[in-house]
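The chain is numbered in sequence order, starting from 1.
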Amino acid sequence: MNGGHAPQKTGQDGPGVGSALHWLVRIVERAGLGGGDRPDVPASLPTPEAWRVVARAYGLSDAALATAVAEYFRLDVADLAAAETRATLVVPERMARRHHVFPLFEDDRHLIVATCDPTDVEAERALAFSTGRPALFQVAPPAVIQDAIDSRFSPEKAVETLLGTMESSDDAVKVVEEAGPEAITEDDAVATPVIKLTNLIIRDAINIGASDIHIEPGRKVGSVRYRVDGVLRKHMDLPMAGLNRVISRIKVLSRLDIADRLRPQDGKARVRVREHAYDLRVSTIPAAGAEKCVVRILDPSAARSLDDLDLPATELTRVRALLAHRDGIVVITGPTGSGKTTTLYGALRELADGKVNIMTVEDPIEYELPGITQTQVETKQGMTFASALRAMLRQDPDVILVGEIRDKETAITAAQAAMTGHLVLATVHANDAVSAVARLADLGLQFSTLAQTLRGAIAQRLLRRACPSCAEPVRGQPTPDERRLIERFGTEPVVRAVGCPECGFTGYRGRIPSAEVLVVNPRVQQAIEQRKGWAALTRVAVQGGMRPLHDVGLDWASRGRTTLVEVERVLGQSGADDDMVLAQGPPRVLVVDDDEDSRTMLRSILETDGCEVEEAGDGQEALDRLREDPDYNLVVLDLSMPGLSGRDVIDHIRGSVDTAALPVMIRTGTGNARLEVELLEAGADDYVDKSVEAPRFLARVHAVLRRALT
């Protein structure tokens, strides 16, 4: 911290209090920021008032004027958002208001405070006398200091100040009757402060593109936070008296019981902001003697096509291949807020060509789609997912969207619909695409039914996009955090998130999807029917062309669309980490070669690396071993052997469900590019020349093992 004592400037040319004009005027003109007529600001005018006059006269923002003052006095510009709570306990409210200062930091030797007047010697002396330590100044605009003082010492005054900034009725929030298009307006001139404040919270959330509003109680002061691009941002603090009234107002809008604060409640409302309608989904829950309220903001007209979703080309092609089916089930998985419904609506828009009958059953209906029959779940009236789905089957549908398969009845009805010539699109709760199989089985579907009806699964997450206005290319040496992520993911970062006003100083603006698409081909179908576990199913799916979520996310990072930090935040550690390999015990490797010396050499290299190695002298012996015990992590296979060749062994391995996902590395001494392509297409996971050195061979082995565990 570079704060220091405020120097005193006096004389005709300095900005001291003895000058005819206020020192702020002279600082602005010395900085070259002045233009036009000089304002008449007497030196005796209090600094907060002079600040407003000077800023308005010269067309300066508060931030620009604060920077000019700080540069003149060689002080720092204060960051009040970083103020320490313990520092505010040192300075009494009366002193903070009298001298218009706000405490920022304190230690045993100094107290650092924000001020708009570094020439205020009286404030410096009073603070030193009161706290027993010298005060160091940093510069902040008076309005910012006043807001900080009100928020800390009198939150109710901050609310009054905030309400004073409510704009005219052009930006007001209007309540809309859910069943009709007409707006019911509120007269802002006679509106209560609670209505104005609630409107302001909703309006600001919509204006910055928030998906949710979180209104959270505290002991004396609660907070309002917005979820923007999947991350919560604090918007304001409210005294509990005001916060409780805001929640009551929202409950009135959504037709909930405001007298019942002891039970969770769910409701909905529709509002109009700048002539655009939005749906609000409201949920309240008791919390610490009060209530917490979460409002989901939905734009019914915001449905987008698949082309608008920014899906990677590979995944988009595979999704469209799933939609080409005319029967079966296609499910999409992911946590709340991962864009599942948006992707499904994009699929429906692509299928809605006017030649098919598309019907949906949802809770809630998030977007309005023309040409599609949409049904809202109403549990109290007996309209559940399962009952609505059964009724739809009598409406001759071609495509059915089920908002969520959450119980056995819905799962069985969906499977029956899929088996009778309907394409069923649905969401389920699972961690990834392959886990959707186990989830549907847990809900009561037989594995044989799943193998017959499941056409594919999509897992999706949303990564924040690096802000195009402030993203900084990575040049020179990476930071320690970047080095750690490079070592973990094996991908070089392209951009860094910096932060600017355009992105709310987060470094990110907008989101892009990371998706993995499981297509159920005959091998996957057979593995499902044989009840293979997650690891085996994943290996078969990857061999069938599925890119795991991490691979897609890292691809976005390598193209500069996001950062490795964001990939780690959303997707966590890669399943391909070596730590996971070690956690499952030493890899078991089967070495197949008709040459004993080669087998001995490979055993030595692999055992030195910590692998458990077994040997087979020819292809038939290898297949016999695999039939008895298929639980190997890797087969290292010689291409040219008497009897069964390496190519024949691959065909047998890939043709058996027990070994279909088993990684295979081919070794040959007579290789060429054409042969390599043929072997990889036949099912080999990697291809190495026998002359390759041991370190390179081990590196290729590690790569195959990591891919197998992804």
Verdict with supporting geometry, Thr343 and Gln460, side-chain hydrogen bond (donor to acceptor under 3.5 Å, both in side chains): CA-CA 9 Å; Thr343 300; Gln460 184 167 299; 2.8 Å; yes
Ion pair Asp229/Arg569, N-O distance below 4.0 Å: no
Euclidean distance, Thr410 OG1 relative to Phe385 CZ, rounded to 0.5 Å: 7.5 Å
side-chain hydrogen bond (donor to acceptor under 3.5 Å, both in side chains) contacts touching residues 348-360 (sequence neighbours left out): Arg320-Glu350, Thr360-Glu362
Qualifying side-chain hydrogen bond (donor to acceptor under 3.5 Å, both in side chains) pairs with a residue from residues 443-455, counting only residues at least two apart or across chains: Asp327-Arg455
Pi-cation contact, Tyr632 with Arg588 (under 6.0 Å, within 45°): yes
Closest approach of Val524 to Val519 (non-hydrogen atoms, all atoms of both residues): CG2-O, 4.0 Å
Salt-bridge criterion met for Arg465 and Glu566 (N-O under 4.0 Å): no
Inter-residue atom distance Leu634.CG - Leu590.CG, 0.5 Å rounding: 9.0 Å
Between CG on residue Leu316 and CG on residue Leu306, distance to nearest 0.5 Å: 6.0 Å
Asp310 and its salt bridge (Lys or Arg N to Asp or Glu O under 4.0 Å) partner, picked from Arg511, Arg561, Arg559: Arg561
Side-chain heavy-atom pair Tyr687, Leu675 within 4.5 angstrom cut-off: yes
Spacing of Ile297 atom CD1 and Leu280 atom CG [to the nearest 0.5 Å]: 6.5 Å
side-chain hydrogen bond (donor to acceptor under 3.5 Å, both in side chains) assessment of Tyr226 paired with Ser211: CA-CA 8 Å; Tyr226 295 156; Ser211 61; over 6 Å; no
Contact list for residues 419-431, test side-chain hydrogen bond (donor to acceptor under 3.5 Å, both in side chains), sequence neighbours left out: Glu404-His429, Thr420-His422
Atom pair CZ (Phe447) and CD1 (Ile528), whose distance is rounded to the nearest 0.5 Å: 9.0 Å
Distance-only side-chain donor-acceptor flag, Ser387 / Thr384, under 3.5 Å: yes
Polar contact flag, side-chain donor to acceptor under 3.5 angstrom, Gln620-Asp624: yes
Close side-chain approach of Arg647 and Glu678, heavy atoms under 4.5 Å: yes
Heavy-atom check, side chain of Leu571 versus side chain of Leu554, under 4.5 Å: no
Residue pair Thr375 / Ile365: nearest heavy atoms and the distance that separates them: C-CD1, 3.9 Å
Glu516/Arg461 ion pair, N-O < 4.0 Å: no
Side-chain ion pair, Arg296 and Asp279, N-O less than 4.0 Å: no
Closest heavy-atom pair and its distance - Leu462, Pro513: CD2-CA, 3.9 Å
CG-CE distance between Asp686 and Met665, expressed to the nearest 0.5 angstrom: 4.5 Å
